[in-house]
Number of protein chains: 2
Amino acid sequence: MAKRMRETTEVRQKQITEAALQVIGQKGINGATTVEIASAAGISEGNLYRHFRNKEEIIKSVIDKIGSDLVAILAAVVEVSAPLQKLEITFKRHLKYIEGNVGIPRTIFSEETIVANENLRARVKNTILMYFQGIKQIVEQGQRIGVLDTEMDSQAITSMFIGTIHFAVTWWLMNNFSPKLTDDAEGLWKNFARAVTHKD
Amino acid sequence: MAKRMRETTEVRQKQITEAALQVIGQKGINGATTVEIASAAGISEGNLYRHFRNKEEIIKSVIDKIGSDLVAILAAVVEVSAPLQKLEITFKRHLKYIEGNVGIPRTIFSEETIVANENLRARVKNTILMYFQGIKQIVEQGQRIGVLDTEMDSQAITSMFIGTIHFAVTWWLMNNFSPKLTDDAEGLWKNFARAVTHKD
DNA sequence: CTCGCTTGCAAGTGCGCGCTCACTTTAGAT
DNA sequence: ATCTAAAGTGAGCGCGCACTTGCAAGCGAG
């Protein structure tokens, strides 16, 4: 055994959360057993329970991390003035972010997490809703200045935005991460932009 | 115990497949244990294994049932001449079909099924691909006669078609089936249609 | 230095899962 | 009526899981 390195709970929680996200990315939510997570975090299984009350708390922590990452993605474009460019940057950054963290879609869209556990589902729902509304605001801004089609429902455009990403990711996951997600980003974006920009 | 009703393997396989789909709809793939499936099918757990070699075969059977249902949905519109109307009917029927069979999205888009098991993933992938290409053909037909935007990639339009449905379903699942999925169908379709029809 | 609190670990414990097995019941063929 | 193959059963097995426990060791406060 390597030398014991004593760390504070705060540090360990962060390590465990990141380890969990990584394991979920590799093996799915089911594959993310407490043994696997502990091993990925470089600590013993028992030690997990010093820093988290149970596995559910670990998953909650993962969801919260994802939420704050998404907030950061949205926040990064507030300075950009053109709404369409905001959307483009967000679109591509979202795909890039997911490509680097496969665990994210596997957590957020895991039926298992969602169906089985009321608390986790509520958390995921809030995270998605928050992101959805962030996008929707940009869309409405775009409609106000006449760049985006004003005859379309902002809700519908937002659904299409996320839906397009969502399905692209799903397909990418199902094809063992090939081709690269970001390789498709440009084409996907161009087509989406054409679909929702003003037509008259 | 109720009276023992002896049935042929063929009948039982069908019953078990439908029971499995129903249980998955209620409790997710993880909740669909052999005990639950057997109970929903009204037979003993041991008897499951008279008709299927193992649980994986049951899930395979479920996937195949979904595949043939989707084929039926696509086949139902071959007689319709207008491509846009074909898409509209398929769109609405797809949502209606899912609303009546929650187990379908939970099977098809279950990360667990997909990640963990190579065979199942291949099967699901083929099913989605088959459906995708069915839609894509209609889209290309629509582009050929100039109803759908010819400057957009048919692949992208198809992705948007399925992505829109996919996300709507995901959101509906996360909100405990409210509001009714088919209530949104009209609005979703109208916006999608505006997005992809010809603009010049 | 040593006390006390927290971090760390290895070896459990109990439980639910997929699956098996020894045996019984059923129904059609002879 | 009798025989046989298949359908049906429920007890139970082994395994992997989340989680616990008893004890060792690090570290700051006095």
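Each chain gets a letter, A, B and so on, in the order the sequences are listed, and its residues count up from 1.
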query: So B:E88 and B:K92, salt bridge (charged side-chain N to carboxylate O under 4.0 Å, His left out) or not? Walk me through it.
result: CA-CA 6 Å; B:E88 180 175 356; B:K92 291 178 180 173; 2.8 Å; yes
message: What I'd like to find out is whether the side chain of A:F109 reaches to under 4.5 Å of the side chain of A:V169, using heavy atoms alone.
response: no
- prompt: Any Lys/Arg nitrogen of A:E99 or A:K96 sitting under 4.0 Å from an Asp/Glu carboxylate oxygen of the other?
  reply: no
message: Is it the case that the base of C:dC19 and the side chain of B:E45 share a donor-acceptor contact (distance under 3.5 Å, atom types as modelled)?
response: yes
- prompt: Can you find an N or O donor on one side and an acceptor on the other, under 3.5 Å apart, linking the side chain of B:R12 with the base of D:dA7?
  reply: no
task: Give the intermediate values and the outcome of side chain to side chain contact (heavy atoms under 4.5 Å, CB included) for residues B:L21 and B:K65.
output: CA-CA 9 Å; B:L21 186 56; B:K65 175 191 158 38; 3.7 Å; yes
statement: the helix from C:dC1-D:dG30 to C:dT30-D:dA1: angle between terminal helix axes, five bp per end, to the nearest 10 degrees, reads 0°
message: Under the criterion salt bridge (charged side-chain N to carboxylate O under 4.0 Å, His left out), I'd like the reasoning laid out for A:E186 against A:K190: C-alpha separation, chi angles, the key distance, then a yes or no.
response: CA-CA 6 Å; A:E186 188 61 33; A:K190 283 241 169 74; 3.2 Å; yes
- request: Mind running a 4.0 Å heavy-atom check of residues 48-59 of chain A against DNA chain C and sending the residues that fall below it, in number order?
  value: A:R50, A:H51
Length of the CD-P vector between A:E7 and D:dC27, whole Å: 9 Å
field: Atom pair distance, as rounded to whole Å: CD1 in B:I43 and C1' in C:dT26
entry: 16 Å
- prompt: On DNA chain D, nearest-nucleotide positions of B:G46 versus A:N30: which is more 5'?
  reply: B:G46
